[in-house]
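In the text below, chain A, chain B and the rest are named by the order of the sequence lines, each starting its count at 1. If you're wondering where the values come from, they're calculated on a predicted model, not measured in any experiment.
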Amino acid sequence: MLSRFSDVLQTAADVLAPPATRLEDFQYHWKMIIHFYQNYDDNSKVHIEDTRIPHHLHQMLQLIVEEEKEQQGGTVGPCLEAIVQRSVCLLDALTALAAADRPPGARSLALTTGTALLRRTRQPCVNSAHVYRPLQRMLIQCNENPASPTEKEEVELLLTLCGLVRKEPGLANIFTTPFVEEKSSLLSIPEDIQRLIPLKSKVQTPKKNPLFEVEMAPNPMRNISLVRTNSKEDNGAITTSNSSVADDNVSCKSQKTVYEDNDKFLLIDLLLSYLNSADNQVVLRACEGIMIVSSLPEDDIANLVTSCSPVCETIIEKLAEKYKSVPLDVDPNDVDHLNITWAYVAQDFGDKGYNRFHGYRELTSFFSWLDYCDTLMKECHPAIASHLSRTFRAQFLEAAGELALGSARSATLAAALLAKCLRVVDSQELINEFSNWLVGDGEMSEWPLLLVLINNCLSDDHDLTLETLRFFETIVEKGTEHSINRLVLSRVCSRGYYSQQPVLEEDERDRLNDVSLWRERERNREAMKQLQHEDHVTEQINDILQHEGLETKEQPDTENIHRIINSFLLLLPRAVLSDPVGSDYEHYIHDAQRHYQLWLDVTSNFSWPSDQNCGDNTASSTHSYDSRPEADIHMNEEFQPLHQTMDHKDTWIKDHYPMDDNNHFSQKLVLRTRDVNTTAVEEEFDEGPFFRMLFKLLSNMPYQPYQVNLHLTAIISKLALIPHPYLHEYLLNPMLPTSKKTPTLFKILQDVARRLTMEIPRIKNYKKVIESTRLQLMSEDPSYDDRGDHNQLVESLIVLEEFCKELAAIAFVKYQHGMHMHG
Amino acid sequence: MAYAYLFKYIIIGDTGVGKSCLLLQFTDKRFQPVHDLTIGVEFGARMITIDGKQIKLQIWDTAGQEAFRSITRSYYRGAAGALLVYDITRRDTFNHLTTWLEDARQHSNSNMVIMLIGNKSDLESRREVKKEEGEAFAREHGLVFMETSAKTAANVEEAFINTAKEIYEKIQEGVFDINNEANGIKIGPQHSTGGGASGAGGAGAGGAAGGGCC
């Protein structure tokens with residue numbers, strides 16, 4: 001009441017006397033605040049919003065903002081200077097109000113006023129002792145009471161300080177413990193203010209405040225305070241503004257190199273407690289603050305964050321928690337369709353009704369947090385990123401992997417979640433951690449976890465098989481050099497599948513080439529149609545080859561690529577084909593082109609023998625012998641010496657890898673290892689557990705659900721796209737000479753085709769069934785999967801048919817690429 | 001409140017061009033001359049009506065300061081629309097548009113509708129960037145252009161609503177996959193999965209059903 005009366009008096013006085021200067025105004029509002037507290041009655045229950053305090057504080061703030069606009073060259077105006085010199089101890093008062101909360105609501109007001117002062121002014125002079133000391137004290141008010149009614153205001157203040165530090169990294173010193181000299185001086189509010197705004201009880205040390213977990217070193221002298229505390233010097237520094245700030249930064253850096261165990265980065269540690277808030281807005285602010293500070297380019301700050309703060313551990317721990325809270329019975333398809341970015345949750349979870357399916361909230365919360373980790377990885381300092389990714393593997397992946405070892409249900413969910421995790425993660429370091437975790441990073445070639453997952457693919461539980469396959473599909477898709485080497489190439493790159501006595505599938509060759517058989521078949525009407533079909537396919541391929549710019553006559557190799565494409569396209573007899581016209585070859589070719597280019601980009605810096613390694617004509621012969629199976633006919637003789645003596649082998653290597661010494665070396669090593677372990681020719685090729693699993697599932701195609709076959713063939717076509725010469729010939733060369741027992745993709749496909757060709761015509765009206773099944777599959781009707789009346793046999797036939805087209809297209813595209821490279 | 005669609009917007013541009021003021025004017029219909037520096041992101045939301053349908057705009061107002069760029073970038077993903085704002089009284093804010101645009105295109109989906117906004121049109125006397133220059137820039141980069149004043153509210157409604165209309169048209173044309181939330185579009189609660197797919201086609205019937213639902 002009294003204050004309002006004074007205001008009126010002041011207004012009246014203004015009319016009579018010349019208007020007050022801005023500083024006088026400022027001092028007036030300050031006096032009104034002092035006056036209020038001098039006369040404050042603790043028994044009054046009035047809320048701060050019903051007093052004039054908010055008005056005065058607002059006016060003071062306004063005056064500082066206005067004066068700053070008029071200041072030239074970043075100098076400090078008289079109002080702010082009054083604060084810096086503590087002739088107006090506004091900030092100390094705010095700190096006291098935040099602690100005492102008198103009258104009720106003062107704490108919130110003090111925090112928001114402090115935040116506003118920092119956010120509205122361009123130069124809030126934080127490196128002045130009379131500004132940062134109260135701020136430090138105010139931070140201590142931000143204790144870890146999880147349900148604090150002012151948590152929003154607290155976290156805003158913290159975020160604001162993070163922002164200031166981001167703009168002026170030298171300020172970070174103020175919030176690291178070596179520079180917070182004495183606990184007691186931090187806790188005690190200056191006496192003049194204490195007299196004015198007494199605390200009801202003594203200031204209690206916040207129990208969980210990180211600052212007070214620190215045992216201060218007995219000799220505070222070891223830490224040289226870089227922030228000048230002498231107020232006179234301070235003023236000088238402020239008025240000359242920016243240049244002195246920059247000087248400060250330089251000196252900070254030179255001295256802040258070694259950190260003691262007790263060092264803390266208050267700002268980031270305080271933010272951690274808000275990550276557990278029930279209010280998503282508060283969590284978001286804390287996340288932003290952490291990201292802002294972590295993205296500072298200063299090495300010493302990053303080292304402080306990783307070595308002295310539990311921030312990485314806390315963030316990953318939360319991820320693991322959220323992972324564990326996903327209910328076991330969520331539908332893996334829901335996991336697959338989810339699309340979440342961080343910060344999104346804050347908006348969405350407002351409407352509680354938005355629970356679209358079972359487990360939605362838990363999944364959203366988990367994937368949103370994962371996205372935060374991923375974003376943080378990409379934005380933060382490299383030192384923090386590597387620490388965070390190590391923690392990600394040690395604390396999250398290892399824990400998540402345990403689920404994969406559990407019951408079929410938990411293993412299914414784990415596979416679905418991990419596949420989705422890997423799919424959405426963008427940071428290369430996290431992807432690397434994923435792949436190292438899966439395939440192991442030591443020398444041990446088969447990792448227990450990997451073997452369990454491979455086994456899960458072979459389980460009788462189709463859901464488990466499907467989800468684990470999807471997981472492997474993602475592993476291949478996001479393949480790193482290490483994971484592909486381990487998973488796929490470890491055996492293939494010895495070229496042990498190659499046998500000097502080519503066991504050609506004679507009848508297959510005959511079927512395509514033999515003239516006498518050709519005549520015999522002519523008598524049969526169906527055979528006639530088959531031949532027409534073959535001619536048609538050949539013609540089509542010719543068309544496509546020409547259309548894609550390959551001149552059949554100029555390239556002697558085109559005959560071989562023709563054979564390869566034919567082998568795949570004519571694998572199934574016309575009679576059981578669902579789409580004999582093959583109208584979508586071109587579609588497959590364009591898809592393969594796109595994907596192959598992606599693979600070329602990804603593997604361009606892998607240390608693989610590749611097309612790129614071969615520069616001139618000599619080298620291009622390497623290419624045609626190794627990386628393109630279509631040249632294998634010529635290769636037979638060339639490879640003869642390889643299997644005789646070591647000496648010859650070296651010559652062979654020199655001939656084939658004349659350009660690249662590294663390659664030479666690695667190839668030699670590979671070949672030697674093989675020789676030591678084996679007795680040459682009779683040795684059986686071990687394709688390794690991963691291929692063994694894929695091939696086993698592949699031969700089981702006719703008896704597996706459509707979805708399983710779809711993902712299975714998707715994995716294999718991805719592998720076939722990989723630009724590695726041995727993997728390429730192993731998967732894509734039907735004419736590859738191998739020993740009888742060595743399994744190859746083509747042999748298995750032939751076997752499956754044979755069985756399907758035998759069994760399908762036994763189905764009543766099989767042509768109709770094939771036709772209708774194809775239509776249904778192509779319609780992509782989501783309800784189709786739920787119906788019980790599918791014919792698995794026919795479905796697998798259609799998958800096989802399409803898969804063959806895809807493989808033919810991939811073989812062609814890789815051939816075409818080789819031609820362009822060396823043509 | 002029920003809505004047919006929810007669109008996510010971002011507001012980007014240099015510091016001090018009036019991004020937060022535009023948002024405040026649009027959501028609260030008021031102007032606040034002194035505004036706190038935005039660190040990170042501030043949210044706003046408002047319901048609008050297009051073609052008889054309730055559409056909720058969820059607006060993410062981002063920090064313009066260079067220092068916070070790393071964090072604002074992460075908010076670009078999954079936005080259906082963007083308001084790219086410059087200040088007609090400060091040429092440097094116009095000169096930086098290319099950087100903003102590159103950043104936005106790189107970190108968001110390719111179909112995002114971008115509206116270029118020259119703000120502070122009330123300060124005609126201090127104008128440094130001609131309206132024609134803004135128009136030319138927009139034409140060159142395939143953006144929609146408008147000059148606004150967050151202070152007088154001129155064109156503010158239009159800027160937000162026209163962006164929404166453009167997004168809505170893209171939905172009708174099938175450019176946006178509305179079932180993929182990464183596009184910044186969400187189907188409202190009354191449109192279940194089945195209804196969402198048909199929603200684009202039967203606009204009239206859908207609107208009536210939506211009205212009945214509320």
Measure across S74(B) and W342(A) and return the closest heavy-atom pair with its distance rounded to 0.1 Å.
OG-NE1, 3.2 Å
Ignoring hydrogens and geometry, is there a side-chain-to-backbone donor-acceptor pair from R120(A) to D36(B) under 3.5 Å?
no
Nearest 0.5 Å, please: how far is OG in S295(A) from CD1 in I71(B)?
8.0 Å
Take R119(A) and T38(B) through the test side-chain contact (heavy atoms from CB on, under 4.5 Å) and record every step on the way to the result.
CA-CA 8 Å; R119(A) 281 209 190 186; T38(B) 311; 5.6 Å; no
Non-hydrogen atoms of chain A under 4.5 Å away: do they reach the side chain of E66(B), the backbone, both or neither?
neither
Checking R122(A) against chain B: side chain, backbone, both or neither under 4.5 Å from a heavy atom?
neither
Is the shortest side-chain heavy-atom distance between R166(A) and I39(B) below 4.5 Å?
no
Among E288(A), E156(A), K167(A), the residue with the most heavy-atom pairs under 4.5 Å to chain B is E288(A)
Is atom CZ of R126(B) surrounded by more than 12 heavy atoms (other residues, nucleotides or ligands) closer than 6.0 Å?
no
What distance do R69(B) atom CZ and E379(A) atom CD have between them, rounded to the nearest 0.5 Å?
11.5 Å
About how many Å separate CG of L159(A) and CZ of F68(B), when rounded to the nearest 0.5 Å?
8.0 Å
Distance, nearest 0.5 Å, that separates CD1 of I340(A) from CZ of R77(B):
11.0 Å
Evaluate the side-chain proximity of L284(A) to F43(B): yes if any heavy-atom separation is below 4.5 Å, no if none is.
yes
Using non-hydrogen atoms only, which part of E66(A) is less than 4.5 Å away from chain B: side chain, backbone, both, or neither?
neither
With chain B as the partner, which of L118(A), T160(A), L61(A), V65(A) has the greatest number of non-hydrogen pairs under 4.5 Å?
T160(A)
Quick check: are there more than 12 heavy atoms from other residues, nucleotides or ligands sitting under 6.0 Å from NZ of K165(B)?
no
